[in-house]
Amino acid sequence: MTHSSLLSYAIWVPIIGGLLVLAVGDRRAEAARWLALVASLAAFAVTIPLFTGFDTHTAAMQYSERVAWIPSLNIFYHLGIDGISLWFILLTSFLTVLVVISSWKNVQERVAQFMAAFLIMEGLMIGVFCALDAILFYVFWEAMLIPMFLIIGVWGGPRRVYATIKFFLYTFLGSVLMLVALLYLYFHSGDSFSLLEFQKTPLGMSAQTLIFLAFFFAFAVKIPMWPVHTWLPDAHVEAPTGGSVILAAVMLKMGAYGFLRLSLPIVPDASHRLAWLMIVLSLIAIIYVALVAIVQEDMKKLIAYSSIAHMGFVTLGFFVFNSVAIEGGIIQMLSHGFVSAAMFLCVGVLYDRMHTRNIKDYGGVANVMPVFAALMMLFAMGNVGLPGTSGFVGEFMVVLGTYQVNPWLAILAATSLITGAGYTLWLFKRVIFGSVVQPEVARLKDLDGREVLVLGTLAAFTLLLGLWPAPFLDIVHSSVQHLVTQVSLSKIPA
Amino acid sequence: MNSFLMHWTYAIPEIWVLTMACAVLLADLFWGDGLRDLAAVLTVLTLCGAAVLTVFEMGQSGTAFAGLFVLDRFTNVAELFSYLAVLMVVLYSRRYLVDRGIYRGEVFVLLLFALLGIMVMVSGGSLLSVYLGLELLALSQYALVAFYRDSVMATEAGLKYFVLGALASGLLLYGMSLLYGLTGTLDVRDIAADLVNMTAGNLVLVFAIVFIAAGIAFKLGAAPFHMWLPDVYQGAPTAVTAFLASAPKIGAFALIIRLLVDGGYGMQESWQQIFVALTVVSLVVGNVIAIAQQNIKRMLAYSTIGHVGFMLLGVVAGTEAGLASAFFYTVVYTLMSLAGFGMILLVSRAGFEAERIDDFKGLAQRKPWYAFLMMIVMFSMAGVPPTVGFYAKLAVFQAVVAAGYVWLAVVGVLLAVIGAFYYLRVVKVMYFDKPAPDAGLIVRDDLASMALSINSLALLVLGILPGPLMAFCFYAMRGVI
């Protein structure tokens, strides 16, 4: 590989940029903002060659880097990506730019620290998607908690302290068990922490089951799956807009990515054995949590619950073990990255003007903010899964893949097209349509250029992914094929 | 030169510290009133000199003074970290001591004697010399704790520490005497050779091991022998607490190495079981009770008990890698607790001990840099990457899983999550709460804040590049079994 340190750049450029922003200090807020924008653009720029130089014909790890890091414990700084990781790296670096722009005006307190936290988190999240050494993976995975803890706790809403401690402890508890599982795997893979070695290690059924459960806690909390999802609505509601965007669009994907990178290939037999559990939990998320979303009165909470329902589709797709459904799950994650980010940004736009998230306080916004209403309409359609938007492609592929395995499951999953339409359209109707009742709404101003830029870009991607998903699928195809083969082979020693 | 004095050069660092401790005492007596910083400066010079002498000795190994004294890799490395710990205590505590009118030469003399005690412990080759070092350390500590005579709390803590410490020394000594009765020798290596021939069911031997383990557990502060620890940590002047929570832990770890590994490795199965129990109880007691604390010194005291539990995981593993990771944990813990108590010293001022957790409210607005440093320390203690505290936990978990105790690792990680809660609470009050209206100014103290910045940032830098420090600790333990 020629560009062998590209992944390191993708990780460290934003982190160093974040430290520089921190050094500029909160007093020079304007300078901090511009520097953050430059740093996030630079970070985005270094991820583009990953895409242009990517070889779609192989499932092998590309852009590999491997340096001894902690020799006493056999830990390596080992990076590499395949088609599954690539999109999430691009999504992360792309959304960070949008978050920096969208937080330009509505964050006024401790600006430098805010921007720095996002940039550092970007580097850490990209690290998770690149790491091929189990401990390196774990370090990035856990380190993310610190900036997110501060983002929610410092810049969040009224109940932010409760929300952020809940967020931290939930995710921490989930991941420490994974650590024990990783250590166990180390001794069974010939003293190596390489994830690729783990994938080749034969393991008995009971060991596999326990490891699967340990991974399950870590990933299920992050996704989050029902019933460990309760931190998410709290964290979302209290987080600042930028925090919600990163949380929904990227951090939730980490859990799903963990299933693809660790659970399925390392413990395939246990994955098959416990697939029923995953499918049941996914369906509960799809059906029950969607019903919960309908009755929410807080816009952010509604979108948070709809995120959980959408992630239910992702996990459902992974655990029917065919390539259509898995690819559908990945597309669903990408689509959700765009759509949920946009939905949270839309709520943020309204919140900046009105300082309330209650659905009741709105109504008739279309009369005063026509551009905003049009854009939000598009994202609402994406959230529902209307053909032509990105939401449709993922959900359709997952339902299709599930149908091949069991038609009844597919029918249950497809109810989300109704419930999803229920909560999204009802939200849209109550906020955007109708006549203007509240005097505050009458005084609202439509989007400014900055907001149009951010939402417009996301709208373009939502449509692109919906209308022409082929280039997105091409990248993941070989890797998913390889994964499906891995999952189908038993690792129980004869 | 007769054989007793052969290789006396191995003990040059100890001799240097002893000489200098006496010199500081005399110098302070004659010139101390005019030159207030004299004792402190001389102490710093002593430490630097000792470090140089120890570095010159690196690579040598052997015994001296008829086996009373052992020089090996562990001796050198443990001594270097002890110097560092005492140095940091001296740097942090100057202003604190001045503010309270106890900035006197005796403090530094006692610190040097305590250090000498640690050095004798880490280089002890016989039950006698180990015990001698332990008592030298303990007596200096009692005096240090009770040094602040105007404080009722400190006096009470000193007395409590003395009574319970004497009891623990008695337990240890009784165990040693049983060992002596069984083997007829005080030399640790001879004891190890004799133990090979004994049956595992030898009741006297089991008693000896139990008493020695109890004595060690007391000195470490492992539950259920931890009762003294919270009261003493809280009652002692913070400058002294910073010392209690740092270098003596290295000394206590040396007890494990010298008595149980060098001497009793043949009896590993017996003491391993004891340490499994000590580990679990310490983890639970330390991490759960810390949640209820409002006093930050007391909270850190319980957190010490929890950390001892984590450290002992490596000892339970009993392998070379396990002991190395336990040593690494001890060193990392020393760095973390120095920084933690250093921050308390820095935030307190004359007439105000920053003792309550609420005293740290809104520190991020009052002193953003201090809050940032304290945040690193807290996350490091909680074991969140990318701080060095995580690798310390990782190493002991790895060792304990390798030894087949997966369930112990699970207990450990679950209690680490419980522990995370109270560390997070400190971060919470610093970052999310508003400063109390009566919060006074933080006195400027360039020396201490520079030292603290280096200390805390080291936790972060070592978290990103933990390789060298870990390799150094593994080097110290190579061939220990």
Is the number of heavy atoms from other residues, nucleotides or ligands within 6.0 Å of OH (B/Y475) greater than 12? yes
Among residues 423-435 of chain B, those lying within the under-4.5 Å heavy-atom range of chain A are B/L424, B/V427, B/K428, B/Y431, B/F432
Any side-chain heavy atom of A/L73 sitting closer than 4.5 Å to one from B/Y391? no
Give the minimum heavy-atom separation between A/S72 and B/G467, together with the two atoms involved. OG-O, 4.5 Å
Proximity breakdown for A/Y138 and chain B, heavy-atom pairs closer than 4.5 Å: both
Looking at B/V384 and A/E142, what are the two nearest heavy atoms and their distance? CG1-O, 4.0 Å
Considering only heavy atoms and a distance below 4.5 Å, find which of B/A402, B/A324, B/S325, B/A420 pairs most often with chain A. B/A402
Considering only heavy atoms and a distance below 4.5 Å, find which of B/V400, B/V417, B/V406 pairs most often with chain A. B/V417
Side chain, backbone, both or neither: which part of B/L465 has a non-hydrogen atom closer than 4.5 Å to chain A? both
Part of A/F140 within contact of chain B (heavy atom distance under 4.5 Å): neither
Chain A heavy atoms under 4.5 Å from B/A382: which part of the residue, side chain, backbone, both or neither? backbone
Would you say CE of B/M450 has more than 12 non-hydrogen atoms from neighbouring residues, nucleotides or ligands within 6.0 angstrom? no
Between the main-chain N or O of B/P466 and the side-chain N or O of A/W69, is there a donor-acceptor pair closer than 3.5 Å? no
By a 4.5 Å heavy-atom criterion (distance strictly below it), what part of A/F168 contacts chain B: side chain, backbone, both, or neither? side chain
Looking at side-chain heavy atoms only, is the closest gap between B/Q398 and A/Y186 below 4.5 Å? yes
Check each atom of A/Y170 against the heavy atoms of chain B and say whether the ones under 4.5 Å are side chain, backbone, both or neither. neither
Find the one option among A/I165, A/L145, A/L124, A/L150 whose heavy-atom pairs under 4.5 Å with chain B are most numerous. A/L150
Which atoms of A/L182 come close to chain B, meaning under 4.5 Å heavy atom to heavy atom: side chain ones, backbone ones, both, or neither? neither
Find out whether B/L394 and A/I75 are in side-chain contact, i.e. whether some heavy atom of one side chain is under 4.5 Å from a heavy atom of the other. yes
With side chains defined as the heavy atoms from C-beta onward, is the minimum distance between B/L414 and A/L173 less than 4.5 Å? yes
Does any heavy atom of chain B fall under 4.5 Å from the side chain of A/S175, the backbone, both, or neither of them? neither
Segment of B/F379 engaging chain A (4.5 angstrom heavy-atom cut-off): side chain
Distance from A/Y77 atom OH to B/I464 atom CD1, nearest 0.5 Å? 11.0 Å
Can you find a heavy atom in the side chain of B/F397 that is under 4.5 Å from one in the side chain of A/V180? no
